[in-house]
Amino acid sequence: MQLTVLGAGTGVPLPRRSPAGVLVQIGATPLLFDLGPGTIPRLDAAGVSYRDLEYVFLTHLHPDHTLDLAMLLQALNYTPGFTRARPLHLIGCPDTKALYEGLLRVYSSVAPRGFELTIREISAERIAFGAWTIETAPSGHTATSIAYRIEAEDKAMVYTGDAKENPALVEIARDADAFVCECAFPRGYPTDDHMTADAVGRVARAARVKRVILNHLYPPALQVDIIAQVRAEYTGEIIVAEDGTRVSV
Ligand SMILES: [Zn+2]
Ligand SMILES: [Zn+2]
């Protein structure tokens with residue numbers, strides 16, 4: 001598996017950390033997790049065309065994770081010289097259908113032209129797709145937000161999306177080869193619905209993950225030695241994600 005962080009940031013505009021998006025490539029199959037604004041062109045920069053996407057997964061419905069869904073559908077409909085024939089599978093947290101229906105009400109141009117869009121809502125499930133498997137668990141960020149575990153080629157990676165420290169997060173991250181974890185704020189920062197650096201370290205240690213990729217960093221997390229704060233709890237490999245960070249799993 002190859003994972004590429006397409007957007008390592010949040011809803012706060014920053015030069016090297018754009019809103020959320022993670023690309024996972026399993027052989028020739030690209031899987032896209034979240035698509036905040038600007039994800040589609042950054043996907044292209046990572047060597048994958050939006051035309052070739054078959055599976056898009058959503059963690060939750062905040063704009064920094066979902067706004068490019070409308071752009072993707074519009075691009076599939078209106079790229080000159082291109083006709084989409086294969087289905088597009090949108091899989092996400094509960095309310096994913098409501099998001100699509102809301103988009104349709106406002107943007108009639110996103111209704112698929114010539115291809116099928118399937119939408120499947122999931123909460124805590126394990127789904128096999130042949131050569132790869134997806135498992136989900138509540139991420140704790142919102143009432144319905146989910147984290148994803150992707151297993152393929154005898155490896156496992158986990159993408160938390162936005163999260164809050166909770167036992168389900170430790171379970172889904174268990175022994176993962178790569179743990180792309182939200183690290184929104186430094187230790188001690190007041191938050192009810194995001195991860196702080198010490199919480200990331202505790203979850204990574206409890207789950208015994210092999211490597212942590214710190215993701216979804218708000219500006220306060222970039223103004224401290226964030227690695228040292230995670231390191232205080234966790235002794236494995238730590239990477240601070242930027243847009244384009246690529247890791248072989
Ligand atoms: Zn977010
Ligand atoms: Zn969020």
Side-chain angles (χ1 to χ4, degrees), residues 3-24 31-43 56-72 90-100 102-103 121-124 136-150 157-166 168-169 172-173 179-186 189-197 199-200 203-204 212-223 226 230 239-245:
L3 82 86
T4 306
V5 179
L6 301 173
T10 65
V12 178
L14 289 176
R16 286 187 297 178
R17 290 184 174 85
S18 305
V22 168
L23 167 67
V24 177
L31 312 180
L32 179 60
F33 293 84
D34 285 340
L35 62 180
T39 297
I40 299 307
R42 288 195 299 281
L43 182 69
V56 175
F57 300 88
L58 301 180
T59 58
H60 67 295
L61 300 191
H62 287 159
D64 56 323
H65 297 252
T66 56
L67 274 185
D68 256 14
L69 178 59
M71 292 300 298
L72 171 63
L90 177 63
I91 298 167
C93 52
D95 299 337
T96 297
K97 286 178 183 164
L99 169 67
Y100 174 67
L103 288 176
E121 296 181 340
I122 56 177
S123 46
T136 52
S139 80
H141 170 61
T142 69
T144 56
S145 63
I146 51 177
Y148 286 86
R149 180 185 181 98
I150 306 101
M157 65 149 288
V158 170
Y159 169 55
T160 65
D162 295 1
K164 183 184 174 189
E165 187 174 13
N166 78 84
L169 213 51
I172 200 164
F179 182 42
V180 183
C181 187
E182 190 205 32
C183 187
F185 297 114
Y189 195 92
T191 175
D192 288 332
D193 54 3
H194 283 288
M195 296 288 281
T196 53
V200 174
V203 171
V212 176
I213 295 115
L214 307 180
N215 190 41
H216 204 265
L217 299 116
Y218 277 89
L222 298 166
Q223 289 156 7
I226 200 75
V230 178
I239 296 169
V240 182
E242 294 183 3
D243 291 3
T245 292

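Only this structure's heavy atoms are used, side chains among them; waters, hydrogens and symmetry mates stay out. Whatever order the structure lists ligands and atoms in, that order sets their numbers, starting from 1.
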(request) Could you pull out the atom name of the N/O/S atom in His62 that is nearest the Zn ion (ligand 2)? (result)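 Nearest N/O/S atom: ND1.
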
(request) Determine whether the side chains of His141 and His216 contain a donor N or O and an acceptor N or O closer than 3.5 Å. (result)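 Judged by distance alone, the side chains do not pair up.
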
(request) Would you please say whether a donor-acceptor pair under 3.5 Å links the side chains of Asn215 and Tyr159? (result)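 No donor-acceptor contact under 3.5 Å links the two side chains.
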
(message) At a threshold of 2.8 Å, where the distance has to be below it, does the Zn ion (ligand 2) have an N, O or S atom of Asp162 nearby?
(response)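 Asp162 does place an N, O or S atom closer than 2.8 Å to the Zn ion (ligand 2).
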
(message) For a distance under 2.8 Å, tell me if His60 has an N/O/S atom near the Zn ion (ligand 2).
(response)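 Yes, within the cut-off.
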
(message) Within 2.8 Å of the Zn ion (ligand 1), is there any N, O or S atom belonging to His141?
(response)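 No, His141 does not qualify, because none of its backbone or side-chain N, O or S atoms lies under 2.8 Å.
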
(message) At less than 2.8 Å, would any N/O/S atom of Asp64, backbone or side chain, sit next to the Zn ion (ligand 1)?
(response)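 Yes, within the cut-off.
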
(message) Once you measure the plane-to-plane angle for Phe57 and Tyr148, does it fall in the parallel (<30°), tilted (30-60°) or perpendicular (>60°) bin?
(response)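 The rings of Phe57 and Tyr148 stand perpendicular, inter-plane angle above 60°.
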
(request) Find, among atoms of His65 that are N, O or S, the one nearest to the Zn ion (ligand 1), and state its name. (result)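 Restricting His65 to its N, O and S atoms, the minimum distance to the Zn ion (ligand 1) goes to NE2.
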
(message) Between the Zn ion (ligand 1) and His216, which N, O or S atom of the residue is the nearest one?
(response)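 Checking each N, O and S atom of His216, the shortest distance to the Zn ion (ligand 1) belongs to NE2.
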
(message) Is it the case that the side chain of Thr142 and the backbone of Ser145 share a donor-acceptor pair, with hydrogens and angles ignored and the cut-off at 3.5 Å?
(response)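 Yes; at least one donor-acceptor contact below 3.5 Å.
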
(message) Does any part of the side chain of Thr191, heavy atoms only, come nearer than 4.5 Å to the side chain of Thr196, both counted from C-beta?
(response)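 Of all side-chain heavy-atom pairs linking Thr191 with Thr196, at least one is under 4.5 Å.
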
(request) Would you please name every residue forming a ring-ring contact (aromatic ring centres under 6.0 Å, His included) with Tyr100, sequence neighbours left out? (result)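 With neighbours one apart ignored, the set is empty.
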
